[in-house]
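Encoded as structure tokens, the structure appears first; notes follow it.
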Amino acid sequence: MAIFEDDIELWLKENYADVTRAKQALKPVLVIETAISISRILRSILYLSERDYDSLAVYAKKAVDDPRNVLWWAEYDNRNVQRRDFTQSLYGQG
């Protein structure tokens, strides 16, 4: 079984020259005990990080502290309207 879903693997390969480094930054998220989908959390982190390794690490830490924060920041606008749904693939998100 793959650790990351196909769209996440593809996103990492397309947006990070050092995929191993990017995966290392995301590693703490893989062990979060939550009812929220880990893939949804990972997609939110990737969206928020804007292809920056340091941001990946920062958002991963924030997700470990409380994954709902990164979901909120990635999926909702300042009017509390959901603009993206990271239960779905990273591709096709606005």
Side-chain angles (χ1 to χ4, degrees):
M1 180 176 149
I3 294 174
F4 299 105
E5 291 194 34
D6 292 344
D7 67 302
I8 294 170
E9 285 281 357
L10 183 58
W11 186 272
L12 288 167
K13 288 175 186 170
E14 289 179 351
N15 293 287
Y16 293 92
D18 188 345
V19 174
T20 302
R21 181 179 173 195
K23 287 182 178 181
Q24 277 299 115
L26 295 172
K27 195 173 182 179
V29 177
L30 300 176
V31 296
I32 295 174
E33 291 188 29
T34 180
I36 301 168
S37 162
I38 296 298
S39 292
R40 182 179 179 197
I41 297 167
L42 291 170
R43 289 182 187 109
S44 295
I45 292 168
L46 290 170
Y47 173 79
L48 291 167
S49 70
E50 298 180 345
R51 300 175 177 93
D52 179 75
Y53 296 98
D54 293 333
S55 292
L56 272 180
V58 168
Y59 285 117
K61 164 101 175 68
K62 291 182 184 297
V64 169
D65 293 340
D66 189 340
R68 296 170 297 178
N69 288 333
V70 294
L71 298 179
W72 182 261
W73 298 327
E75 293 184 347
Y76 291 82
D77 68 12
N78 62 351
R79 294 178 308 270
N80 299 331
V81 175
Q82 188 172 16
R83 296 294 182 189
R84 288 165 288 282
D85 179 4
F86 288 119
T87 60
Q88 307 298 317
S89 170
L90 282 159
Y91 297 90
Q93 298 288 326

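Note that the numbering runs from 1 along the sequence shown for the chain. Predicted, not measured: the structure shown is a model, and the values here were computed from it.
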Contacts of type ring pair (Phe, Tyr, Trp, His ring centres under 6.0 Å), residue Trp72, not counting sequence neighbours: Tyr76

Crowded around Glu50 CD? As in, over 12 foreign heavy atoms under 6.0 Å? no

Quick check: do [X] and [Y] have side-chain heavy atoms less than 4.5 Å from each other?
X     : Y     : answer
Leu71 : Phe86 : no
Leu48 : Ser55 : no
Leu30 : Leu42 : yes
Leu46 : Tyr16 : yes
Lys61 : Val58 : no

Does anything in residues 34-44 form a salt bridge (charged side-chain N to carboxylate O under 4.0 Å, His left out)? List the pairs, not counting sequence neighbours. Glu5-Arg43, Asp7-Arg43, Arg40-Glu75

Derivation of the side-chain contact (heavy atoms from CB on, under 4.5 Å) call for Val31 and Val64: CA-CA 9 Å; Val31 296; Val64 169; over 6 Å; no

How close do Pro28 and Ala25 get, heavy atom to heavy atom, and via which atoms? CD-O, 3.4 Å

Considering all heavy atoms, the nearest Gln82-Arg84 contact: NE2-O, 3.0 Å

Are the charged groups of Lys62 and Asp66 less than 4.0 angstrom apart, N to O? no

Note: Glu9-Lys23 ion pair, threshold 4.0 Å (strictly below): yes

Residue of the set Ile36, Ile45, Ile38 for which side-chain contact (heavy atoms from CB on, under 4.5 Å) holds with Pro67: Ile36

Please confirm whether the ring centroid of Trp73 lies under 6.0 Å from the ring centroid of Tyr47. no

Could you measure the distance from the [atom1] atom of [X] to the [atom2] atom of [Y]? Nearest 0.5 Å is fine.
X     : Y     : atom1 : atom2 : value
Asn15 : Leu10 : CG    : CG    : 8.5 Å
Asp6  : Tyr91 : CG    : OH    : 10.5 Å
Leu26 : Ile8  : CG    : CD1   : 8.5 Å

Looking only at atom types and distance, does a side-chain atom of Tyr53 sit under 3.5 Å from a main-chain N or O of Asp18, one as donor and one as acceptor? yes

